[in-house]
Asker: 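First, the structure itself, so that you have it in front of you.
Keep in mind that what you see is a predicted model, and the values were worked out from it rather than measured.
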Amino acid sequence: GTYHHTLMVGTLSEAAADSLGLDSLLVKAGAYFHDIGKLKRPQFFAENQVSGENLHDELNPSMSALIILSHVKDGLDLARGYNLPTRIRNFISEHHGTTCLTYFYRKSKARGEGLPREQFCYPGPKPASKETALVMLADSVEAAVRAAGGNIKSVVELRETVDGVVESKMLDGQLERIDFTLKDLTLIKESFIQSLRSIYHKRENTGTKGRGTVSLEGGDTDEISGSD
């Protein structure tokens, strides 16, 4: 569920922060709080729908988008209520930037609802620090790997998934306020890949396989198996 997702994002972003010489403790703390807004309506988020039932199947796309988008505002409300520091609140407000929920927008458009695309986008702001940008990338990478599940069969495919996420954020302009160098982005991606391989390898060794498990015995031909 969201708790596990949060731990994963914390692990990925902390290791990447270390590789860049950033404040890894701040990054990890920010990752742990970035999704607290999901506490208000946890059942509407994919990682919590373990039964396979998708509540969005019963909703209009615009309502689904409103519920999902609102977890940022709900998180900020909680953060202010508990007097969380501004530096932590920034992770909540910036971890999606101005990303749009393309799936629900296209679904709405196909139904002829005629709603503007902006209605399906997070309000932002885009990440303003390398630390919040790292959590954005880790958040999206973890979600992409989890969604792919057993469809990722090798480290090559894992690398393609990570590369695709980072590239999509760049092309969408979500990192335009951050002065990441090409070397920085390479270090981030390599760190994510190594962290994911380590995490899923440990699961295999302890017999607690989850989605997208990685076996490290074959070098770059390592197999990733997915089982719930």
Side-chain angles (χ1 to χ4, degrees), residues 2 4-35 47 72 87-100 102 122 124-149 151-203 210-214 216 219-220 222 224:
T2 298
H4 176 259
H5 163 71
T6 297
L7 293 180
M8 290 283 288
V9 173
T11 298
L12 292 175
S13 54
E14 179 186 26
D18 279 334
S19 73
L20 295 181
L22 300 178
D23 186 343
S24 58
L25 186 59
L26 172 64
V27 169
K28 189 173 186 178
Y32 282 176
F33 283 98
H34 82 281
D35 263 347
E47 67 268 25
V72 170
R87 295 181 78 188
I88 296 298
R89 296 205 300 266
N90 290 341
F91 287 89
I92 300 172
S93 62
E94 297 175 15
H95 77 277
H96 282 298
T98 58
T99 302
C100 294
T102 306
Y122 287 95
K126 296 176 181 179
S129 71
K130 289 184 176 180
E131 287 82 4
T132 57
L134 268 186
V135 170
M136 166 186 272
L137 294 174
D139 181 47
S140 296
V141 164
E142 194 285 326
V145 171
R146 172 166 36 85
N151 293 323
I152 298 178
K153 301 294 185 183
S154 69
V155 173
V156 171
E157 293 176 352
L158 178 60
R159 186 178 300 278
E160 289 174 352
T161 300
V162 172
D163 286 345
V165 168
V166 174
E167 183 178 8
S168 70
K169 293 300 181 187
M170 291 176 63
L171 292 175
D172 194 34
Q174 298 303 321
L175 303 179
E176 65 184 12
R177 301 173 69 190
I178 310 301
D179 59 346
F180 280 141
T181 65
L182 290 176
K183 182 179 180 181
D184 289 339
L185 292 171
T186 297
L187 288 172
I188 291 167
K189 291 186 288 186
E190 289 303 317
S191 176
F192 286 166
I193 291 165
Q194 292 307 314
S195 292
L196 288 165
R197 292 178 69 180
S198 175
I199 290 166
Y200 290 121
H201 180 52
K202 288 176 183 176
R203 287 189 186 179
R211 292 185 181 183
T213 18
V214 181
L216 302 180
D220 276 348
D222 298 341
I224 300 179

Asker: E94 side chain to A128 main-chain N or O, any donor-acceptor pair under 3.5 Å?
Answerer: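 Yes; at least one donor-acceptor contact below 3.5 Å.
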Asker: Counting C-beta onward and ignoring hydrogens, is there a side-chain heavy-atom pair between M136 and E131 closer than 4.5 Å?
Answerer: no
Asker: Test: salt bridge (Lys or Arg N to Asp or Glu O under 4.0 Å). Region: residues 171-181. Which pairs qualify, not counting sequence neighbours?
Answerer: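 Of all non-adjacent pairs touching residues 171-181, those that pass salt bridge (Lys or Arg N to Asp or Glu O under 4.0 Å) are K126-E176, K130-D179.
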Asker: Restricting to pairs with a member in residues 161-171, which pass salt bridge (Lys or Arg N to Asp or Glu O under 4.0 Å), not counting sequence neighbours?
Answerer: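 Listed by first then second residue: D163-K189.
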Asker: Could you tell me which non-hydrogen atom of A133 sits nearest to which non-hydrogen atom of L175, and how far apart they are?
Answerer: CB-CD2, 4.1 Å
Asker: The criterion is side chain to side chain contact (heavy atoms under 4.5 Å, CB included); which residues satisfy it with A148, sequence neighbours excluded?
Answerer: I152
Asker: The criterion is salt bridge (charged side-chain N to carboxylate O under 4.0 Å, His left out); which residues satisfy it with E142, sequence neighbours excluded?
Answerer: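 For E142 the salt bridge (charged side-chain N to carboxylate O under 4.0 Å, His left out) partners, ignoring immediate neighbours, are R146.
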Asker: If you round to the nearest 0.5 Å, how far is OG1 of T181 from CG of L187?
Answerer: 7.5 Å
Asker: Rounded to the nearest 0.5 Å, how far does NE2 of H34 lie from CD1 of I92?
Answerer: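 So the CD1 of I92 and the NE2 of H34 are separated by 9.5 Å.
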Asker: Partners of N90 by side chain to side chain donor-acceptor pair (under 3.5 Å), sequence neighbours excluded?
Answerer: none
Asker: What residues form a side chain to side chain donor-acceptor pair (under 3.5 Å) with S129, not counting sequence neighbours?
Answerer: T132
Asker: Would you say the side chain of H95 lies within less than 4.5 Å of the side chain of D35, judging by non-hydrogen atoms?
Answerer: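 Touching, per the 4.5 Å side-chain cut-off.
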Asker: Atom CG in L22, atom CG in L134: separation rounded to 0.5 Å?
Answerer: 6.0 Å
Asker: With sequence neighbours excluded, what pairs up with T186 under the side chain to side chain contact (heavy atoms under 4.5 Å, CB included) test?
Answerer: E190
Asker: Identify, with sequence neighbours excluded, every residue that meets ring-ring contact (aromatic ring centres under 6.0 Å, His included) alongside Y122.
Answerer: H71, H96
Asker: What's the spacing between L137 CG and I188 CD1 if we round to 0.5 Å?
Answerer: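 One finds 6.0 Å between CG of L137 and CD1 of I188.
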Asker: How far apart are the closest heavy atoms of Y32 and G10, and which atoms are they?
Answerer: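 Shortest heavy-atom contact: CE2-CA, 4.2 Å.
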Asker: Using side-chain heavy atoms (C-beta onward) and a distance below 4.5 Å, is F33 in contact with T6?
Answerer: no
Asker: S198 side chain to Q194 main-chain N or O, any donor-acceptor pair under 3.5 Å?
Answerer: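 Checked: no pair found.
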Asker: Output all residues satisfying side chain to side chain contact (heavy atoms under 4.5 Å, CB included) with A138, sequence neighbours left out; order by chain, then residue number.
Answerer: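 Side chain to side chain contact (heavy atoms under 4.5 Å, CB included) check on A138 returns V9, L12, S13, F192.
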Asker: If we only count heavy atoms from C-beta on, is the I178 to D184 side-chain gap below 4.5 Å?
Answerer: no
Asker: Mind checking the OG1-CD spacing from T98 to Q174? Nearest 0.5 Å is all I need.
Answerer: 4.0 Å
Asker: Report the residues that fulfil salt bridge (charged side-chain N to carboxylate O under 4.0 Å, His left out) with D139, sequence neighbours left out, ordered by chain and then residue number.
Answerer: none
Asker: Sort and list the pairs that fulfil salt bridge (Lys or Arg N to Asp or Glu O under 4.0 Å) and have at least one residue in residues 8-19, not counting sequence neighbours.
Answerer: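 Output for this query lists E14-K28.
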Asker: Would one find more than 12 heavy atoms of other residues, nucleotides or ligands at under 6.0 Å from atom CG of L182?
Answerer: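 For L182, atom CG is not crowded (no more than 12 foreign heavy atoms under 6.0 Å).
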Asker: With sequence neighbours left out, write down each residue that passes side chain to side chain contact (heavy atoms under 4.5 Å, CB included) with A144, or none if nothing qualifies.
Answerer: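 Only T161, V165 meet the side chain to side chain contact (heavy atoms under 4.5 Å, CB included) criterion with A144.
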Asker: Does S19 reach the main-chain N or O of A16 with its side chain, forming a donor-acceptor pair under 3.5 Å?
Answerer: yes
